[in-house]
Amino acid sequence: MRTRITELLGIQYPVVQGAMARIADGNLAGAVSAAGGLGIIACGGASPEWIREQVARARELTGNPIGINVMLMDPRAAEVAELVCELGVEVVTTGAGSPANYMGMWKEAGVKVVPVVASSALAARMERLGADAVVAEGTEAGGHIGELTTMALIPAVTAAVSIPVIGAGGIVDGRGMLAAFALGAEGVQCGTRFLTVEECGVHEAWKEKVLKAKDSDTIVTGRGTGHPVRGLKNKFARECRKMEMAAQSGEELEGMYAGSLARAVAGDVENGSVMAGQVAALVTERGCAADVIAEMVREAEALAGRSLDEVAAMNAGRERA
Ligand code: TUI
């Protein structure tokens, strides 16, 4: 394929693997990039040593471009931001804040800068500061989320900026990819779909929970702290919601979330924060990164080549392209 995103990032397909904190490592990112998408190593909660190792691992797997994500709420964000320049990765994405303070440094180092945004206002601010593209991530996504749905956010962001927009949040297959493109996107980012692929090292219990999830099985916790997080329903999420209803102080609530992701990563999917997007319900297979990307692009293109009458007739027969 050829879009502004494939040209900008030097990749074959405009499919980006979302950075999943403590999960998206060099093995997953390397596999996605080797398959022609853009793999991203998640640095939320990670040490500089771990990040170096994972970049080296991804480089062993592929000569294609790779990305690093800087989680801006991380206490070590500034240190990771500098590491991005030193390690020579081709792309940096950011989440959970504004990367304004680091943009100059990254641009000077020749890194392509792609902030994740949840509003058109932040998208426009990022464009003014020199961002090469943005990811517009709707509230259907897993992990730390904004308010707007993908359906409302992508057209708002594409109207606000001239740089290319990558749609994210609730995209899991070719139908979602085409929908994002119909709304104005030139690429997509998917996280949840990559959780169950064979190259993803997340605990088997987490994969099973995603594979079994139904459409109403995600829940948002942490609204009371100003840092809402979407994950799969479990004992931890129920207790968080109970605490939030009882209007505990922000500090008490923060204490409840401390270490919750680490517990889930270790396999305790009842007492940990099992982050996943709403489309966990649509993830029913494992597969490998290359098949996920190829099938998504194939389905989107097969669907795009049809008239609306034909699409409606397929929909009536519950047929997929
Ligand atoms: O960053 C994400 N998703 C994440 S980060 C993460 S790590 C974590 N670990 C433990 C507890 C909580 C989180 C898990 N998931 N997505 C990108 C994203 N960024 N979504 C929404 C935003 C966002 C929201 C508000 C970006 C900027 C913003 O406002 C900044 C401003 O200055 O206006």
Side-chain angles (χ1 to χ4, degrees), residues 16-25 40-46 67-77 80 92-103 113-129 131 133-150 152-154 156-157 160 165-171 188-192 194-195 202 206 218-232 236-237 240 250 253-266 272-278 280:
V16 178
Q17 160 252 313
M20 297 170 284
R22 297 178 192 260
I23 294 171
D25 59 8
I40 299 194
I41 295 164
C43 299
I68 273 189
N69 175 268
V70 181
M71 202 292 208
L72 294 162
M73 276 164 43
D74 190 293
R76 279 186 285 204
V80 178
V92 62
T93 67
T94 61
S98 164
N101 294 342
Y102 311 122
M103 297 276 289
V113 181
V114 186
V116 179
V117 302
S119 70
S120 61
L122 186 61
R125 193 144 48 97
M126 293 299 106
E127 179 174 48
R128 284 198 298 277
L129 291 173
V134 289
V135 175
E137 185 189 274
T139 196
E140 297 92 322
H144 179 84
I145 48 168
E147 281 290 337
L148 293 172
T149 61
T150 300
L153 182 66
I154 296 176
V157 170
V165 175
I166 297 167
I171 301 169
V188 293
Q189 176 178 283
C190 310
T192 305
F194 287 110
L195 274 175
V202 76
W206 192 321
T218 73
I219 184 167
V220 179
T221 56
R223 287 205 195 276
T225 65
H227 307 302
V229 167
R230 182 182 303 284
L232 292 171
F236 166 76
C240 285
L253 291 174
E254 290 287 3
M256 171 112 206
Y257 305 122
S260 61
L261 177 56
R263 285 197 295 277
V265 165
S273 174
V274 184
M275 298 181 189
Q278 290 183 339

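Residue numbers count from 1 along this sequence. Numbering of ligands and ligand atoms starts at 1, following listing order. Everything quoted here is computed from the prediction, not taken from an experiment.
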#### Entry: Polar atom proximity, Glu137 to ligand 1 (N or O, under 3.5 Å)
yes

### Message
Quick test: of every protein heavy atom, which one is nearest to atom 22 (C) of ligand 1, and how far off is it to 0.1 Å?
### Response
Ala96 N, 3.8 Å

### Task
Write out the residue and atom name of the closest protein heavy atom to atom 26 (C) of ligand 1, then the distance separating them to 0.1 Å.
Gly97 N, 3.4 Å

### Message
Please check this pair: side chain of Gln17 against backbone of Gly191, looking for a donor-acceptor N/O pair closer than 3.5 Å.
### Response
no

### Query
Do you know which of Thr139, Val229, Ile145 makes side-chain contact (heavy atoms from CB on, under 4.5 Å) with Val220?
Ile145

### Query
Near Glu147 CD, under 6.0 Å, is it more than 12 heavy atoms from other residues, nucleotides or ligands?
no

### Summary
In this structure, atom 33 (O) of ligand 1 is nearest to the protein heavy atom Arg125 NH2, 3.6 Å

### Query
Which atoms of ligand 1 sit under 4.0 Å from any heavy atom of Gly143?
14 (C), 15 (N)

### Protein heavy atom at shortest distance from atom 3 (N) of ligand 1
His144 O, 3.3 Å

### Message
With heavy-atom distances below 4.0 Å as the criterion, list the atoms of ligand 1 near Ser98.
### Response
30 (C), 32 (O)

### Query
How close does the nearest protein non-hydrogen atom get to atom 17 (C) of ligand 1, and which residue and atom is it?
Val116 CG1, 3.3 Å

### Query
Quick one: nearest non-hydrogen protein atom to atom 11 (C) of ligand 1, plus distance?
Met275 CE, 3.9 Å

### Query
What are the atoms of ligand 1, with element, lying closer than 4.0 Å to any heavy atom of Ala21?
7 (S)

### Query
Are any side-chain N or O atoms of Thr150 and backbone N or O atoms of Gly169, one a donor and one an acceptor, separated by less than 3.5 Å?
yes

### Query
Of the protein's non-hydrogen atoms, which lies at the shortest distance from atom 7 (S) of ligand 1, and what is that distance?
Met71 CE, 3.3 Å

### Task
Measure the spacing between OG of Ser273 and CE of Met256 and express it to the nearest 0.5 Å.
10.5 Å

#### Entry: Asp74 side chain vs Gly44 backbone, donor-acceptor pair below 3.5 Å
no

#### Entry: Backbone N/O of Ile219 and side chain of Arg230: donor-acceptor pair under 3.5 Å
no

### Message
Parallel, tilted or perpendicular: which one describes the rings of His227 and His144, with boundaries at 30° and 60°?
### Response
tilted

### Message
I'd like to know if Val229 contacts ligand 1, where contact means a heavy-atom distance under 4.0 Å to any ligand atom.
### Response
yes

### Query
So, does Thr218 use its side chain to make a donor-acceptor pair with the main chain of Gln278 at under 3.5 Å?
no

### atom 29 (O) of ligand 1: nearest protein contact (heavy atom, Å)
Leu122 CD2, 4.2 Å

